[in-house]
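The structure displayed is predicted, hence computed values, not measured ones.
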Amino acid sequence: REDSLLVFYVEPGKSPQVFTRQTPPNLDEVITEWRNSIIDGGYKTTSLINEAAQATYDQNFLNLGIELRKLLLPAELQLKQRLIISPDFTLNYLPFAAFPMDTATVPLNYQTLEYFGDKHLVTYAQSAGVLLAQDRRNLQLGRNKLLGVAPSFSGREETIILAELRSGGTEEGPLPNLRPLRFNTEE
């Protein structure tokens, strides 16, 4: 479906989990606004911009960051400390480790704020193909967990089988039964 987002969670030795999330119609704008709150906010050790503007950036950072974290990292997941995230399309622009964990009062104290990266060692894989190539070179994927996030798929409605990820695929390819991505292009 065009309006859904799939979150895949693969943990060695366990069955893969797939979560379908309702994609907000303005997801790209939310991502851009959240990133801008990081980039444009004048905060270093103290804010370098006026108080009202910084308060707006603080509020956007907090609210949009929590919204994105809840959308992309479902509470149902029992995430381990080490995590490989393989985002797709505009999700590549998200610093997942910077997601705030709890609400706080504005003005924010960024030094005491709890972030997703405080509890999880986050690394990124740009694609499942890159991840498989790393695994083939014995980079110890088996000790990590994988969180893959992708925009909607189109095609047959089938059960998505990701168990072959660790073994490098089947005759059908590295990820059998996976339908084409809407924005996927030849690399």
Side-chain angles (χ1 to χ4, degrees), residues 1-12 14-39 59-80 82-103 115-117 119-132 141 144-166 169 172-187:
R1 293 178 21 179
E2 297 286 326
D3 61 346
S4 63
L5 182 79
L6 297 177
V7 176
F8 305 94
Y9 184 63
V10 180
E11 188 173 345
K14 294 186 178 178
S15 297
Q17 298 176 40
V18 180
F19 300 88
T20 303
R21 312 294 281 180
Q22 182 69 33
T23 304
N26 63 340
L27 180 61
D28 291 346
E29 291 85 12
V30 170
I31 290 171
T32 300
E33 192 171 344
W34 186 66
R35 284 181 42 85
N36 287 343
S37 72
I38 296 170
I39 296 166
Q59 203 63 55
N60 285 343
F61 174 79
L62 194 61
N63 294 341
L64 298 176
I66 289 172
E67 177 185 337
L68 287 165
R69 179 181 51 81
K70 288 179 178 179
L71 173 69
L72 302 172
L73 303 168
E76 307 91 287
L77 290 177
Q78 299 297 314
L79 296 174
K80 304 300 181 200
R82 294 178 53 92
L83 187 66
I84 299 172
I85 296 178
S86 181
D88 189 54
F89 198 54
T90 56
L91 302 176
N92 279 301
Y93 299 110
L94 286 176
F96 283 73
F99 285 150
M101 295 302 293
D102 294 311
T103 59
Y115 301 95
F116 183 75
K119 293 190 176 195
H120 303 279
L121 177 59
V122 177
T123 56
Y124 298 90
Q126 296 309 309
S127 70
V130 169
L131 199 56
L132 289 171
L141 171 65
N144 298 313
K145 289 42 171 182
L146 167 70
L147 177 68
V149 181
S152 63
F153 287 84
S154 60
R156 298 185 317 236
E157 293 296 325
E158 295 183 53
T159 302
I160 298 173
I161 302 170
L162 293 175
E164 296 296 327
L165 180 63
R166 282 286 291 134
E172 298 175 38
L175 297 172
N177 299 326
L178 203 62
R179 295 166 277 158
L181 290 172
R182 184 173 84 187
F183 298 107
N184 192 25
T185 59
E186 196 71 32
E187 291 185 18

For residues 63-75, which residue pairs qualify under side chain to side chain donor-acceptor pair (under 3.5 Å), counting only residues two or more places apart or in two chains? Q59-N63
If you measure from CD1 on I85 to CG on L72, what distance do you get to the nearest 0.5 Å? 9.0 Å
Checking A98 now: which residues fulfil side-chain contact (heavy atoms from CB on, under 4.5 Å) with it, not counting sequence neighbours? W34, P95
Residues pairing under salt bridge (charged side-chain N to carboxylate O under 4.0 Å, His left out) where one sits in residues 19-30, two or more places apart or in two chains, turn out to be R21-E76
Can you sort out the partners of E33 under side-chain contact (heavy atoms from CB on, under 4.5 Å), two or more places apart, ordered by chain and number? N60, L64
Working to the nearest 0.5 Å, report the span between CG of L68 and CG of L73. 9.5 Å
What is the distance from atom CZ of R35 to atom OG1 of T90, rounded to the nearest 0.5 Å? 10.5 Å
Under the ring pair (Phe, Tyr, Trp, His ring centres under 6.0 Å) test, which residues partner Y115, sequence neighbours left out? none
Pairwise distance CD1(I66) to CG(L71) - rounded to 0.5 angstrom: 13.5 Å
Sub-3.5 Å donor-acceptor pair from the side chain of Y124 to the main-chain atoms of F96, do we have one? yes
Please list, chain by chain and in numerical order, all residues satisfying side-chain contact (heavy atoms from CB on, under 4.5 Å) with T32, sequence neighbours excluded. N36
Inter-residue atom distance Y9.OH - L83.CG, 0.5 Å rounding: 6.5 Å
Side-chain touch P100/F61, heavy atoms, less than 4.5 angstrom: yes
side-chain contact (heavy atoms from CB on, under 4.5 Å) with N92: which residues, sequence neighbours excluded? P87, Q126
d(L79 CG, E11 CD) to nearest 0.5 Å is 9.0 Å
